[in-house]
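Just the heavy atoms: all of them, side chains too, but no hydrogens, waters or symmetry mates, feed the values below.
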Amino acid sequence: MADIRLIHHIMNTKQFSAHNKSEILLILKDLAQIEANLILVFSDKSYLADQEIESELKKVARDIPFLGCSTSGGIMGAALLDSAFTINFIQFEHTIVKKASVSFSETGESMQAGKELAEALMAPDLTHIFVLSDGCAINGSRLVEGINSVITHEVTVSGGLAGDNNDFNYTLVSDQDNAFKKNVVSAVGLYGNRVRIHCGAFGGWQDFGIERTITKSIENIVYEIDNKPALELYKTYLGEKAKDLPASGLLFPLSLQQDDQKEPLVRTILNINAEEKSLIFAGNIPQGSKVKLMKTGSDNLINQFEIDEKMSEFKNTEEENGLVIMISCIGRKLVMKQLTQEEIEAVTERFTSKFKFTGFYSYGEIFTNTKNRVYSQVTDAHAISQPIVFQHGDCVLNNQSMTITSIIEF
């Protein structure tokens, strides 16, 4: 892999957090004139649904690309922030940022939403798309399929599905007018050859039991597994916890084998239909596909060996600074409970002290594996060479993973 000599780091990120409405309003009024060309907000849904907070956010955003969503817990620095509001102001010097937003009325429009979003952002110098989506009404598989149908292999994608703590009621995402609404998918594109992106993920869930066949499904709704009602199978394994569905279903995701060449995808429950005895997942599970139930424990989710292996591409030096966005599944948080903090620290400790960290707990994670992304050597302090990018796989929707996106401008 070619070495890269970083010249001058000018990317700057300022971060703020609050835990009640009065604190949020006070912070936003103080930040009304702050300079940035990208604003990211990850917040408890209750604050985003407040009209007074939304009004102040619009004043802060002005004409700056603004992206935000409701969460199942926020991340700032090395800390987990529950029931909190977080805001990040990112200032690039050489990277152009553009926002696009799409609204949809029903789940069947998910692929079209992804396609329209990518078409609005696609350009010859597009490097990366960071996307936030409604977490309850969307079909995440179709969303990324729509994005992949438009972008070239030089473009990486990361992001996630908005959260609603573990209530699975409805989620909110900022639209084109910076209002927080249901049934919205929004994204920002980063443009130019002075921004370097790495994406990766780690899991920690293990298959158990026999391989099973999806005998009846439509898109992301599974009706039968091995010719038996899907909901009944989950109730068997959950026992007394079945009364807490769909949240308790996160303890037993499905491992979906796509083909012999690809790693299995993880699919987790978003909702149930008690009348039809069906399960609604975050992404598609095709009829006839092979699946296995999965389970885990805190020790597996924070497996240092796996984290070291998966993060081997996130190499940084003392001279580098940037922003790291972590998006982790609510299912992991429900398993780890008070140990969730350790998962965040396992990531932050692998970067230098000059990096800033943000993110949230989600209903689904989107990322492109950038393992084969290689940058050319910079030899002249006054001339930046075009990065060399080898083709990589499409972006995918995964569940029950911790995804990491590092952004560095040089």
- Are the side chain of N20 and the backbone of E23 linked by a donor-acceptor contact shorter than 3.5 Å? yes

- Task: Report the C-alpha distance between K182 and L172 in whole Å, list the side-chain angles of each, state the deciding distance to 0.1 Å, and finish with yes or no for side chain to side chain contact (heavy atoms under 4.5 Å, CB included).
- Result: CA-CA 5 Å; K182 306 175 188 178; L172 298 173; 4.2 Å; yes

- Task: Check whether any side-chain N or O of N183 sits under 3.5 Å from a backbone N or O of S103 as a donor-acceptor pair, and report yes or no.
- Result: no

- Identify which one of T13, L132, I325, T86 satisfies the side chain to side chain contact (heavy atoms under 4.5 Å, CB included) criterion when paired with L40. I325

- Message: Treating N220 as the side-chain partner and I280 as the backbone partner, does any N or O pair qualify as donor plus acceptor under 3.5 Å?
- Response: no

- Item | Contacts of type side chain to side chain contact (heavy atoms under 4.5 Å, CB included), residue Q287, not counting sequence neighbours | K216, S217

- Message: Test of understanding: with salt bridge (Lys or Arg N to Asp or Glu O under 4.0 Å), list the residues that count as partners of D226, not counting sequence neighbours.
- Response: R212

- Carefully, step by step, assess C395 and N148 under the rule side chain to side chain contact (heavy atoms under 4.5 Å, CB included). CA-CA 7 Å; C395 73; N148 287 331; 3.2 Å; yes

- Message: Test your reading of the model: is there a side-chain donor-acceptor pair from E409 to the backbone of T95, 3.5 Å cut-off?
- Response: yes

- Task: Mind checking salt bridge (Lys or Arg N to Asp or Glu O under 4.0 Å) for K181 and listing every partner two or more places apart, or none if nothing turns up?
- Result: D175

- Query: Among side-chain atoms of T213 and K290, is any donor-acceptor pair under 3.5 angstrom?
  - Reply: yes

- Message: Using only atom types and a distance under 3.5 Å, with no angle test, would you say the side chain of T71 pairs donor to acceptor with the backbone of F42?
- Response: no

- Message: Pairing donors with acceptors under 3.5 angstrom, does anything connect the side chains of E343 and S328?
- Response: yes

- Item | Heavy-atom donor-acceptor pair, S158 side chain to T405 backbone, under 3.5 Å | no

- Message: Treating Q176 as the side-chain partner and S101 as the backbone partner, does any N or O pair qualify as donor plus acceptor under 3.5 Å?
- Response: yes

- Message: Is the ring pair F168/Y363 parallel, tilted or perpendicular, if the boundaries are 30 and 60 degrees?
- Response: parallel

- Message: Tell me if a side-chain donor or acceptor on T156 pairs with a main-chain N or O of T368 at a distance below 3.5 Å.
- Response: no

- Message: Tell me every residue that passes side chain to side chain contact (heavy atoms under 4.5 Å, CB included) with S110, counting only those two or more places apart in sequence or in another chain.
- Response: T107, I138, N139, R142

- Task: Could you go through the side chain to side chain contact (heavy atoms under 4.5 Å, CB included) check for L28 and F85 one step at a time?
- Result: CA-CA 11 Å; L28 294 178; F85 172 92; 4.2 Å; yes

- Item | Pairs involving residues 34-50, ordered by first then second residue, that meet side chain to side chain donor-acceptor pair (under 3.5 Å) (sequence neighbours left out) | K21-D50, D44-S46, D44-N165, K45-D164

- Item | Sequence-distant partners of D82, salt bridge (Lys or Arg N to Asp or Glu O under 4.0 Å), two or more places apart | K333

- Query: Is a side-chain N or O of E365 found less than 3.5 angstrom from the main chain of S401, in a donor-acceptor match?
  - Reply: yes

- Message: Has Y234 got a side-chain atom pairing as donor or acceptor with S248's backbone, closer than 3.5 angstrom?
- Response: no

